[in-house]
Amino acid sequence: MARNDDVEVLAVAGHDVRITSPGKVFFPERGETKLDLARYYLAVADPLMAAMGGRPVMLQRFPNGVGGSSFFQKRVAATKADPWLTTATVETPNGTTSSALVAVDLAHVLWAVNMGCLGFHVWPNTAADPDHADELRVDLDPAPGVGFPMIREAAAEVRALLAELGIACFPKTTGNRGLHVYVRLEPRWDGYTVRAASVAMARELERRRPDLLTASWWKEERGERVFVDFNQNAPHRTVFGAWSVRANPHGQVSAPFTWDELSDVEPPDLTVATVPPRVARDGDPWAAMTPQSLDPLLELHERDMAAGLMDAPWPPVYPKMPNEPPRVAPSRARKDTD
DNA sequence: GTCCCTG
DNA sequence: CAGGGACAACGCGGG
DNA sequence: CCCGCG
Ligand SMILES: [Mn+2]
Ligand SMILES: [Mn+2]
């Protein structure tokens, strides 16, 4: 570990990773620096790599820290300075390919930190197995006016349904206002199938708790409820990763926690400053994650299709899908003449 | 933050 | 050699 | 042309 005034060099995972401007303040609230951010990722390295290791990631970069200008970066190339960087090919819905960074070890993570990357958007597949999505992400999005108590209740409802189906799942804060619930999957299904399962789950959740949850893609139909964002499981879509840091003055983290903690978890309390001691004390809240079967949710989906339901609307940019209903908000739909 | 292109 | 732009999705379905 | 959605 060498050092001079402008550059800190960290020996990590067999590579020397440069952290330039280590003293630059990245998080104004408490003044954590770029080097503090690197130390944060070192402190959560074990659970971070369990969650993100081997996956392609997109960088969200703030070269001058929180409050500075920012941009996403998907394409990464190994340079002469860093010939060890590993990339993998990822695609967009229209087939465009990119070489994305793969989080193979903490050196790759810290390389990104040096580029001003606060957090990572993670693909639902490993680089080694691009044709299978091995993660189901239940994205709980509060409509305007919905507070965190309802989000907690929504997550408990997700857990109850999945438990009935024999599927183990694990929660994290998003770093913003919502929660994510993750299911590790056996690598047997592609992204289209995982999304179909997600549609079925969202609809079943709304059937059970229409007062609390909605599966409606169209905002005008959601009301003051929690939207179960099934489209976040569409092929090629990324999600803000576990242990990643938001561009918030406090450095709020997308922090995994245990179900026991659901009733008192407070997202603003989980920051780049508070999460490392939590991990040191409690270890990985997701340590028990093991690959699950998607079959129970696919049976739900088949039941809905047999009952005459259609697929749900896809996001913009995706081509029209078989059995997709018209992709238009109901209030704008052409009047049906039959 | 770094690269790459322009002037 | 200084300055500036690029760095993701941003095209697809409907009216 | 506009708008939808993250
Ligand atoms: Mn969300
Ligand atoms: Mn969402």
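Numbered from 1 within each chain, the chains take letters A, B, ... in sequence-line order.
Residues satisfying the salt bridge (Lys or Arg N to Asp or Glu O under 4.0 Å) criterion with A:Arg75, sequence neighbours excluded, are absent altogether. Considering only residues two or more places apart in sequence or on other chains, A:Arg61 meets the salt bridge (Lys or Arg N to Asp or Glu O under 4.0 Å) condition with none of them.
With respect to A:Glu261 and A:Arg152, no salt bridge is recorded, no charged nitrogen being found less than 4.0 Å from a carboxylate O. Of the charged side-chain nitrogens involved, none lies within less than 4.0 Å of a carboxylate oxygen, so that A:Glu204 and A:Arg303 do not count as a salt-bridged pair.
Here the straight-line distance linking atom CG of A:Leu161 with atom CZ of A:Arg207 works out to 10.0 Å at 0.5 Å rounding. Between A:Asn233 atom CG and A:Met201 atom CE the span is 7.0 Å, to the nearest 0.5 Å.
Under 4.0 angstrom from either OP1 or OP2 of C:dA8 there lies no side-chain N or O belonging to A:Thr238.
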Base-contact (B) and sugar-phosphate-only (S) positions in nucleotides 9-15 of chain C, heavy-atom cut-off under 4.0 Å, - elsewhere: SSBBSSS

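The closest side-chain donor-acceptor pair between A:His301 and A:Asp304, if any, does not fall under 3.5 angstrom. Side-chain atoms of A:Asn231 and A:Trp217 include no donor-acceptor pair closer than 3.5 Å. Between A:Ser69 and A:Asn64, the side chains place no donor N or O within less than 3.5 Å of an acceptor N or O (distance only, hydrogens not considered).
Between A:Tyr182 and A:Trp286, the angle of the ring planes lies from 30° to 60°, which puts this pair in the tilted group.
Rounding to whole angstrom units, CZ of residue A:Arg237 and C1' of C:dA8 are separated by 12 Å.
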For nucleotides 2-6 of chain B, list the nitrogen or oxygen atoms of the protein found under 3.5 Å from its nitrogen or oxygen atoms, one pair per line.
from: B:dT2; atom 1: OP1; to: A:Asn114; atom 2: ND2; distance (Å): 3.0

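Rounded to whole Å, the separation between the P atoms of C:dG11 and C:dC7 comes to 11 Å. Atom C1' of C:dA8 sits at a distance of 12 Å from the matching atom of D:dG6, rounded to the whole Å.
Glycosidic torsion of C:dC10 falls within 90° of 0, placing the base in syn.
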Dot-bracket notation for DNA chain D, counting Watson-Crick and G-U pairs under 3.5 Å, with | for partners on another strand: ||||..

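Within the nucleic acid shown, A:Trp217 comes within 4.0 Å of sugar-phosphate atoms alone, with no base atom in reach, counting heavy atoms only.
Of the residues in residues 219-232 of chain A, A:Lys219, A:Arg222, A:Asp229 come within less than 4.0 Å of DNA chain D through at least one heavy atom, sorted by number.
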